[in-house]
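First the structure, in the form of structure tokens, and then the observations on it.
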Amino acid sequence: MHGEYKIPGGKLVVVDVGEQDGALRHVRVAGDFFLEPDEALEAVNRALEGAPADTDAAGLAARIDAALPEGTVMYGLTSQGVAVAVRRALAQAADWTDYDWQVIHEGPEPPALHMALDEVLTAEVAAGRRPPTLRVWEWGAPAVIIGSFQSLRNEVDAEGAARHGVEVVRRISGGGAMFVEPGNTITYSLSVPDALVQGLSFQDSYAYLDDWVLGALGEMGIRAWYQPLNDIATDQGKIAGAAQKRVVGPGGGPGAVLHHVTMSYDIDADKMLEVLRVGREKMSDKGTRSAKKRVDPLRRQTGLAREEVIERMISSFGARYGLSRGKVTDEELTRARELARTKFSSPEWTARVP
């Protein structure tokens with residue numbers, strides 16, 4: 001069995017491994033990482049040889065750590081990364097390049113329709129009727145997007161939202177509230193088969209699905225990194241937040257993962273603070289004194305127009321994995337419009353956690 005894992009911010013780890021009588025056999029680790037001394041690589045292989053095949057990534061990483069020679073130096077490599085590559089091999093996980101990716105970037109749509117499109121397109125990927133899809137959103141109106149499990153009244157100042165004409169919608173994924181305005185926000189969704197994240201923990205899947213955009217930002221001169229659980233950060237501050245939803249396939253079969261990210265291209269921080277209720281606990285948790293300082297927009301960091309940032313992101317994704325232009329089908333759009341009307345625009349859904 002063969003598994004690969006690109007360590008976030010690091011190098012590629014490749015593992016070839018067999019399984020016999022419930023144990024790992026013939027383990028061989030390779031990759032473009034740096035490791036000293038030379039004998040450390042064989043120590044890694046020996047540590048994994050004979051390990052119970054159901055050992056989780058943390059357990060495999062502990063075996064590796066215990067076996068490394070004193071003074072071992074890893075660059076672009078971690079014991080956890082090797083362990084994840086092993087788990088992906090055993091799970092026979094897919095790789096990005098195994099798929100024919102499609103990108104959708106169409107005109108502005110109402111916030112509720114964007115929520116519905118995420119649900120519909122991811123369900124289509126789960127059913128095998130749509131290829132894995134990168135969808136870049138264009139916002140038709142300002143909005144606050146609250147997480148599936150957030151309290152409406154705790155997160156949103158209703159008077160402030162009404163005063164500024166900000167629509168409030170609830171998404172199907174967890175995570176925190178996002179304040180978005182047309183022209184100031186870059187939002188995209190990845191709808192992918194769950195085979196792509198097999199062998200990854202929930203946290204590792206965030207880092208794995210964010211890695212391409214870190215590379216794209218790096219090409220624009222921004223040194224960004226994944227900050228657990230769901231942020232993308234730079235030394236100037238947070239620039240994006242991610243959220244996920246797992247969708248079960250038809251008949252309980254293989255499903256899909258929705259991974260969407262909202263990035264701040266520019267931001268009206270004063271308006272945001274009038275619309276969102278930002279708690280003191282959240283501020284202290286981030287080690288900051290002001291909500292205005294928590295987000296540092298891409299406009300300032302890149303000096304590029306928003307449209308240019310988006311096109312560079314799409315080009316970077318395509319250069320890595322291949323990408324063809326697509327669109328939302330008429331049938332998908334019809335279903336999404338009905339879902340936007342009956343679910344995502346309904347007071348019952350928006351206030352399901354009052």
Side-chain angles (χ1 to χ4, degrees), residues 6 93-140 145 171-173 175 180 185-198 200 205-216 230 232 240-250 253-263 307 309-340 344:
K6 169 68 166 55
D95 185 71
W96 294 84
T97 54
D98 292 336
Y99 300 107
D100 295 324
W101 290 88
Q102 186 175 107
V103 60
I104 295 174
H105 185 198
E106 299 180 330
E109 298 287 5
L113 185 59
H114 278 306
M115 304 303 111
L117 283 169
D118 262 0
E119 183 168 328
V120 169
L121 297 185
T122 306
E124 289 296 284
V125 171
R129 293 187 292 264
R130 160 170 285 282
T133 300
L134 166 66
R135 182 173 72 92
V136 181
W137 305 18
E138 292 294 343
W139 292 94
I145 316 301
R171 62 180 183 266
I172 59 174
S173 62
V180 301
T185 307
I186 297 173
T187 303
Y188 67 86
S189 303
L190 285 170
S191 297
V192 306
D194 62 8
L196 184 63
V197 296
Q198 285 298 306
L200 298 176
S205 72
Y206 273 86
Y208 185 68
L209 294 175
D210 280 340
D211 187 65
W212 74 273
V213 81
L214 301 184
N230 62 333
I232 297 173
Q244 285 187 9
K245 176 67 176 178
R246 308 297 170 104
V247 176
V248 178
V257 178
L258 168 65
H259 179 92
H260 43 201
V261 175
T262 294
M263 313 177 78
E307 294 75 14
V309 173
I310 290 173
E311 282 307 309
R312 291 196 185 194
M313 288 170 56
I314 292 173
S315 295
S316 181
F317 189 103
R320 282 188 175 210
Y321 309 125
L323 200 58
S324 63
R325 295 277 175 170
K327 65 176 186 177
V328 177
T329 68
D330 291 341
E331 182 181 350
E332 289 167 341
L333 185 57
T334 297
R335 288 168 53 200
R337 283 173 172 163
E338 179 64 12
L339 198 59
F344 292 104

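Bear in mind the structure is a predicted one, so any value in this text is a computation, not a measurement.
Contact annotation: the side chain of M263 approaches that of Y188 to within less than 4.5 Å [non-hydrogen atoms, C-beta and beyond]. In this structure, L121 and E332 have side chains that are in contact, with non-hydrogen atoms separated by less than 4.5 Å. Under the 4.5 Å side-chain criterion, counting only non-hydrogen atoms from C-beta, S173 is not in contact with Q244. Within the 4.5 Å cutoff, side-chain heavy atoms of R130 are placed close to those of I104.
Within 6.0 Å of atom CG in D100, 12 or fewer heavy atoms from other residues, nucleotides or ligands are found, so the atom counts as exposed in its surroundings. When the shell of 6.0 Å around NZ of K245 is examined, it contains 12 or fewer heavy atoms from other residues, nucleotides or ligands. The neighbour count for E331 CD, taken as heavy atoms of other residues, nucleotides or ligands under 6.0 Å away, does not exceed 12.
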- [ ] Would you please test V103 and T133 for side-chain contact (heavy atoms from CB on, under 4.5 Å) and show each step?
- [x] CA-CA 6 Å; V103 60; T133 300; over 6 Å; no
TODO: Tell me, with the steps shown, if M313 and V309 meet side-chain contact (heavy atoms from CB on, under 4.5 Å).
DONE: CA-CA 6 Å; M313 288 170 56; V309 173; 4.0 Å; yes
- [ ] Output, in order, the C-alpha distance, side-chain angles, deciding distance and verdict of side-chain contact (heavy atoms from CB on, under 4.5 Å) for R335 and T329.
- [x] CA-CA 10 Å; R335 288 168 53 200; T329 68; over 6 Å; no
Task: Verdict with reasoning, R337 to E109, per salt bridge (Lys or Arg N to Asp or Glu O under 4.0 Å) - done: CA-CA 10 Å; R337 283 173 172 163; E109 298 287 5; 5.4 Å; no
Task: Verdict with supporting geometry, T185 and W137, side-chain contact (heavy atoms from CB on, under 4.5 Å) - done: CA-CA 9 Å; T185 307; W137 305 18; over 6 Å; no
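Ring to ring, F344 and H114 are not that close: their centroids are 6.0 angstrom or more apart. Checked against the 6.0 Å centroid criterion, the rings of F317 and W101 qualify as a close aromatic pair.
To the nearest 0.5 Å, atoms CD1 (I314) and CZ (R312) are separated by 13.5 Å. A distance of 7.5 Å separates OG of S191 from CZ of R135, quoted to the nearest 0.5 Å. In this structure, OG1 on T187 lies 9.5 Å from NE2 on H260, to the nearest 0.5 angstrom. In this structure, the separation between CH2 on W212 and CG on L214 is 9.5 Å, given to the nearest 0.5 Å. Remark: S205 OG to L196 CG distance equals 9.5 Å, nearest 0.5 Å. Once rounded to the nearest 0.5 Å, the distance linking CH2 of W139 with OG1 of T262 reads 6.0 Å.
For A126 against G249, the heavy-atom pair with the smallest separation is CB-CA, 4.1 Å. Residues Y99 and A94 share a closest heavy-atom pair of OH-CB, 3.1 Å. For A340 against A112, the heavy-atom pair with the smallest separation is CB-O, 3.7 Å. For V125 against V192, the heavy-atom pair with the smallest separation is CG1-C, 3.8 Å. Residues D118 and S189 come closest through the heavy atom pair OD1-OG, 2.6 Å. Nearest heavy-atom pair, A336 versus L117, reported as atom, atom and distance to 0.1 Å: CB-CD2, 3.6 Å.
E119 contributes no side-chain N or O that, together with a main-chain N or O of A116, makes up a donor-acceptor pair within less than 3.5 Å. Under a 3.5 Å cut-off, the side chain of D194 and the backbone N or O of V257 do not form any donor-acceptor pair. In this structure, the side chain of E106 engages the main chain of V328 through a donor-acceptor pair within 3.5 Å.
With H259 as the partner, the side chain to side chain donor-acceptor pair (under 3.5 Å) test is satisfied by one option alone out of D210, T122, N230: D210. Shown are E138, K327, R325; of these, the side chain to side chain donor-acceptor pair (under 3.5 Å) with H105 is made only by E138.
Checked for salt-bridge contact, D211 and R320 meet the test: a charged N lies under 4.0 Å from a carboxylate O.
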